[in-house]
Amino acid sequence: MKEKLTVAGIGELLWDVFPNHKRLGGAPANFACHCNQLGAEAYPVSCVGADPLGAGIRERLGEMGVDVRYVFESGAYPTGTVDVVLNAGKPTYQIHEDVAWDHIPYSDALKQLAEKLDAVCFGSLSQRSGESRGTIHAFLQHMPKDALRIFDVNLRQAFFSKQQVGESLELANILKLSDEELPVLAGYFGLEGDTQDQLVQLRGLFDLKLIAYTRGPEGSLVLGANEVDDFPGCEGMAVDSVGAGDSFTAALCMGLLKGWPLSKVNAFANKVATFVCSQKGATPVLPGHLLEYGEVNETEEVS
Ligand SMILES: OC[C@H]1O[C@](O)(CO)[C@@H](O)[C@@H]1O
């Protein structure tokens, strides 16, 4: 294994604006922040405005030790913001349009980054605009064949369509989706039967290596090539579930890249996401026991 795993999250990077405060957000950026904490060289790839909110995002990422060299700046569009309201810890989002992350520019620098990646995470929201969609597709096409291309569906408001989800699934080799998202995909692609039947059909249709299906506090089902692992969930208080799914995807990605068995990857991803739910904001500092998870006896456990 390389000394440091290299990963990127490409797409929206924004401020989640709560009634009394704002926090860093955007699913792919949250993913990158968590992978960074979990030991990867992790890059958010996005665009902010040439405004104080954009400067604030770079500053916040810097404080978290995240490299901002692929956070581009737009002179023409403002930094993205999302109004978030929490109801019993569950968010609803009002996502503002035509902002800087709708205009992520493609460049040689991005091509070179893509070529050296071990994994990427992308979603559907930032593909609402043609410019960022084009950049994301080009980026994915330049990644090494065996790298992980994780599509975290992340359906938000009405910013998705069958065509876009289908194209993304064609470009991905790993899918992460939630129990709220599966029915939408089942409708799009005519999936039938129980949950596992539907996931198996989806995997076959798009030739996916692995699907992670999350059920909030009820844990998750991970369907690998020859193996299924069902984790029942962890006990924990849900203070704010914003970004929990993004942290799940980051932990999943890191576990897979380290070659852990599926059951260990699934348990780890649940523990990280449960911790994130117990804290405010999408990118809290992870405690030591999660950062060191899997270091002990790792050689014994990896088959
Ligand atoms: O990415 C869209 C929205 O989803 C989140 O990433 C949480 O998953 C928020 O931080 C953001 O506002």
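Each ligand, and each atom within it, is numbered from 1 in the order the structure gives. Only a predicted model underlies this, so the values are computations on that prediction, with no experimental measurement involved.
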(message) Less than 4.0 Å is my threshold; does some heavy atom of Ala282 fall inside it relative to ligand 1?
(response) no
(request) Enumerate the atoms of ligand 1 whose separation from the nearest heavy atom of Asn30 is less than 4.0 angstrom. (result) 6 (O), 10 (O)
(request) Keeping the roles fixed (side chain from Asp152, backbone from Gly123), state whether a donor-acceptor pair exists under 3.5 Å. (result) no
(request) For Glu12, counting its heavy atoms only, list the atoms of ligand 1 lying under 4.0 Å from any of them. (result) 1 (O), 2 (C)
(message) If I compare all heavy atoms of Gly25 with all of Asn30, which pair ends up nearest, and what's the gap?
(response) CA-OD1, 3.5 Å
(message) Pairs of nitrogen or oxygen atoms closer than 3.5 Å, one from Gly26 and one from ligand 1: do any exist?
(response) yes
(request) Specify side chain, backbone, both or neither for Ala27, according to which of its non-hydrogen atoms lie closer than 4.0 Å to ligand 1. (result) both
(request) May I ask you to identify, for Ile95, whether its side chain, its backbone, both or neither come under 4.0 Å of ligand 1 on a heavy-atom basis? (result) neither
(message) Could you tell me, atom by atom, which parts of ligand 1 come under 4.0 Å of a heavy atom of Gly25?
(response) 10 (O)
(request) Return yes or no for this condition: an N or O of Asn154 is under 3.5 Å from an N or O of ligand 1. (result) no
(request) Give the residue and atom name of whichever protein heavy atom lies nearest to atom 8 (O) of ligand 1, and the separation in Å to one decimal. (result) Arg156 NH2, 2.8 Å
(request) Carefully, step by step, assess Phe275 and His289 under the rule side-chain contact (heavy atoms from CB on, under 4.5 Å). (result) CA-CA 11 Å; Phe275 174 78; His289 73 274; 5.8 Å; no
(request) Could you see which bit of Leu125 sits under 4.0 Å from ligand 1, with heavy atoms only: side chain, backbone, both or neither? (result) side chain
